[in-house]
Every structure is written in C-alpha cells, then in structure tokens.
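Below, chain A is the first sequence line, B the second, and so on; all start at residue 1. All values derive from a computational prediction rather than experimental measurement.
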Amino acid sequence: MEFRDLLTAIKASIIASSCCGLPLALAFLFMSTGVGNIILALQVAKYKDYFLLLGTMFLFASLYLLIKKKSGGTCNVCDVRKSWKIILINILTYVILTTAIVYGVLPILAEELFR
Amino acid sequence: MDRLFVFFLAIVLVVAAYAMYTGISDVAEPMDNTIPSTTLPADMSSPLDSTVSPTTTTTTSSTTSTLPRYVEVDVFYVEDCKNTVIGRMNNILVNVSGSNVNGTWWPEPEPMFYFSCDGGELTEFDRVLVRGGSSIKGGSSVEGLYRLSEKCGLTKKLKDFDSCSDLHVFIDLAYFDVSSINSSKVTQTSWGISTTTTTTILSDNPYLDKFRGIGYRKLDMHVAWICPTCVPTVNKLVREQEGIKSRSLSYGQEVSYVIYDPDVVSRDQILRLVNAGATVTALNDTEI
C-alpha cells in the first residue's frame with residue numbers, strides 16, 4: 001500500500017467537496033474583484049447532492065481502473081478480494097476527508113474570509 | 001486515471017455553471033412566490049401598532065417597569081491572586097440560580113459577567129468558564145456554576161478580589177435568551193448600581209430593547225442551511241445590506257431573526273439574501 005493509492009480518495013474528496021468549496025471560492029473571487037454576484041456563487045451549493053454523487057462515482061470508477069491495472073487487465077471478484085485493503089482504506093479516507101473538508105475546514109475558512 | 005479526474009472536474013464545472021445560470025432567474029424573481037403564504041401571519045401586510053413595547057408581566061408589587069439589563073448572581077467563593085498557566089489570575093465562583101434567572105445561552109455563547117468592587121463601576125471579567133474549567137456550550141441552560149477570572153498581581157488591573165469588602169457580580173441579560181427573571185437585586189442600563197424589587201417575566205431578548213419603538217421590524221425565519229460554508233457568506237451579505245440593524249443567523253439555530261428598517265430595506269429583499277444560502281421560511285414579521 002503506497003501513498004499514491006490514496007490519491008484516488010483524495011481526488012474523489014476534492015470533487016465531492018466542490019459543493020461547498022466552489023461557491024466559497026467564487027464568492028471570494030466575486031467579492032474581491034467586484035465582478036459577479038455572491039448570491040449567484042451560492043447557487044452552486046444547492047447542487048450539493050450532485051457533487052457528492054460525482055465524487056462517489058469517481059471513487060468507484062478510479063478503484064475499478066486501479067484494480068484492473070494491478071491485476072493485469074482483469075477486475076473480477078477474486079481481484080477485488082485481493083485488493084480489499086486498498087478499497088476499504090480509500091472508501092474510509094474519502095468519507096472522513098470529505099466530511100472534514102465540508103464541515104470542518106471550509107466553514108472555518110469561510111468565517112475568516114467573510115469576517 | 002488523471003484523464004478520469006479531469007473529466008469529472010469538467011462535469012463539476014458544468015454543473016456549477018448550470019447552477020449559476022439557473023440561479024440568475026432565482027435571484028431576479030421576487031421572493032413572494034417562494035414562501036408559502038400559509039407561513040405568514042395574516043397581519044404581516046397591515047400596518048401594526050407603532051407603540052409596541054416589550055412584553056412585561058409584573059407579578060408582584062414593583063417599583064419599576066423597565067426591563068433590567070444586569071442581574072446580580074451569588075458569589076460563593078473568592079480566591080486570592082494566584083499564579084495560573086495564563087498568568088496571575090483571581091478566580092471567583094458564582095452560582096446563577098434558576099430561581100433568579102432562567103434562559104439559554106446562544107448557539108455561539110458570548111457570556112458576559114461584570115463585577116463591582118467596593119462600589120466601583122462594573123468591569124467585565126477577563127475569562128468566563130463553567131466551574132471545572134470548560135467552555136460554555138451553546139444552547140445550554142444559563143443556570144449553573146461559573147468560574148470567572150480577572151487578571152491581577154503584576155498587571156495591577158485592580159486590587160485582589162479578596163480585599164474587596166463589598167463585591168457584587170452581575171450577569172448581562174443581553175447575551176442569552178432570557179425566559180424569566182426573578183431577582184431582588186437588579187441594575188438598569190446605567191453603570192451606577194441601583195437596587196429595585198421586581199419580579200418580571202420576559203418573552204423578549206432585552207438586547208433588542210434599543211431597537212424598540214422606532215419603527216423597526218423583526219423578521220423571524222426558519223432557516224435550513226444548504227451548507228455550513230453558506231452561513232458566514234450569508235451573514236456577510238445580510239450585514240452589508242443597508243437598513244439591517246441586527247441579526248441572528250447561525251448554524252443549527254431553530255429560529256433566526258433580522259431586525260430591519262422597513263423604510264430602507266424590504267422583507268422580500270432580506271428573504272432573498274438569506275435564501276441565497278438556505279431554504280428559508282418566514283415565520284413572523286412584526287414591528288418591535
């Protein structure tokens with residue numbers, strides 16, 4: 001198990017947490033440049049469920065490709081069983097990281113930016 | 001896999017662009033259509049009595065009808081000036097009794113306690129913790145034991161508490177939701193301490209007293225936030241809106257409110273601002 005195996009979960013978390021990170025980035029951009037409307041930036045957050053779905057889809061698609069690559073072009077039940085550690089660690093990392101970003105890091109960052 | 005990531009990122013950007021595109025019409029639309037009319041009281045559109053005063057029920061003979069701002073709490077332990085981790089501090093233990101003050105701290109509590117030593121002016125404590133040393137939890141009952149600390153010793157901010165022959169500690173009612181007060185020792189908004197005898201049941205936050213009787217309105221709303229990030233952003237929008245005098249919009253709060261000047265900003269404008277980061281239902285809009 002290498003660190004780069006965890007990149008799948010990290011990338012999936014980035015996609016999933018776009019639901020709250022993107023509106024924050026856009027709102028800050030609009031506020032600092034004076035171009036655009038903060039209310040419009042916040043509209044992105046209304047599609048939170050879609051972003052979480054996209055993140056999860058990316059995670060499973062990436063894991064599928066990862067296992068296929070490691071198993072020499074196949075991805076059957078045996079291959080999945082062999083790679084259960086990678087799958088479990090990636091899923092756990094994805095859930096923990098996404099929760100931490102959405103409910104921990106981003107609200108603190110938003111508080112600082114819009115103080 | 002990098003291509004896959006780029007592909008998903010592209011989808012994310014498309015979804016964001018679509019959200020903003022559809023949001024243009026939402027921003028432009030009046031809010032009247034998005035708030036169920038059944039949630040609004042019938043008298044919302046009609047002019048209200050401009051002489052609305054705080055709801056005050058006096059249950060005993062009273063020498064004053066003004067709402068108290070500070071209520072004295074019982075001091076039951078005073079330490080002398082001691083070395084602590086954060087320097088030399090005086091600690092006082094006080095008891096906020098439910099028989100005197102009932103209420104709950106705000107979701108983000110800002111506990112304010114003041115002391116008066118030998119008839120001096122009210123001074124805010126440097127630190128307020130619950131007894132045992134932990135911070136005050138938002139939404140918890142005000143009733144309980146508190147450890148109040150003030151710098152002392154080398155800073156010589158004031159003399160040690162144990163040398164005060166007449167020490168009084170007060171809690172500021174403006175920093176929590178008061179449900180009732182029953183105290184024989186209250187002091188009014190002036191710094192001088194006065195003693196009155198009154199029993200008062202409050203239904204309003206005394207912090208709002210300064211907004212009463214000048215034509216401002218209080219809009220109560222139920223706010224379901226879309227994401228935690230939206231809270232500070234919406235707060236900034238509302239704070240910067242001209243005509244908004246005060247607000248209480250925070251995560252996990254059952255009922256939020258905004259105090260506004262109806263001559264400057266309309267109810268729909270406020271709802272539109274809050275609606276940007278939340279699903280909002282107007283509950284009540286009354287002149288205070």
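- Remark: A:Phe30 CZ to B:Thr233 OG1 distance equals 12.5 Å, nearest 0.5 Å.
- The shortest non-hydrogen separation linking B:Pro228 to A:Pro107 is CB-CG, 3.5 Å.
- In this structure, the separation between CD on A:Glu111 and NZ on B:Lys236 is 12.0 Å, given to the nearest 0.5 Å.
- Contact record, A:Tyr47 with B:Tyr18: OH-CE2, 3.4 Å, taken as the closest heavy-atom pair.
- Heavy-atom distances place both the backbone and the side chain of A:Leu54 under 4.5 Å from chain B.
- Per-residue counts of heavy-atom pairs under 4.5 Å with chain B were compared for A:Leu113, A:Leu106, A:Ile15, A:Leu22; the largest is that of A:Ile15.
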Review point. Going through the distances and angles, do A:Lys11 and B:Asp2 end up as a side-chain contact (heavy atoms from CB on, under 4.5 Å)?
Key: CA-CA 10 Å; A:Lys11 285 175 182 173; B:Asp2 283 342; 2.7 Å; yes

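- Proximity to chain B (any heavy atom under 4.5 Å) is restricted, for A:Leu26, to the side chain, taken from C-beta onward.
- For a residue to count as touching a neighbouring chain, one of its non-hydrogen atoms must lie under 4.5 Å from one of that chain's; by this rule A:Ala27 touches chain B with the side chain only.
- Looking at A:Met57, both its backbone and its side chain come within 4.5 Å of chain B, counting heavy atoms on both sides.
- Comparing A:Val44, A:Leu109, A:Leu24 by heavy-atom pairs within less than 4.5 Å of chain B, the highest count is held by A:Val44.
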Point to revise | Criterion side-chain contact (heavy atoms from CB on, under 4.5 Å) on A:Leu42 and B:Leu237, from CA distance to verdict | key: CA-CA 11 Å; A:Leu42 288 177; B:Leu237 283 172; 4.2 Å; yes

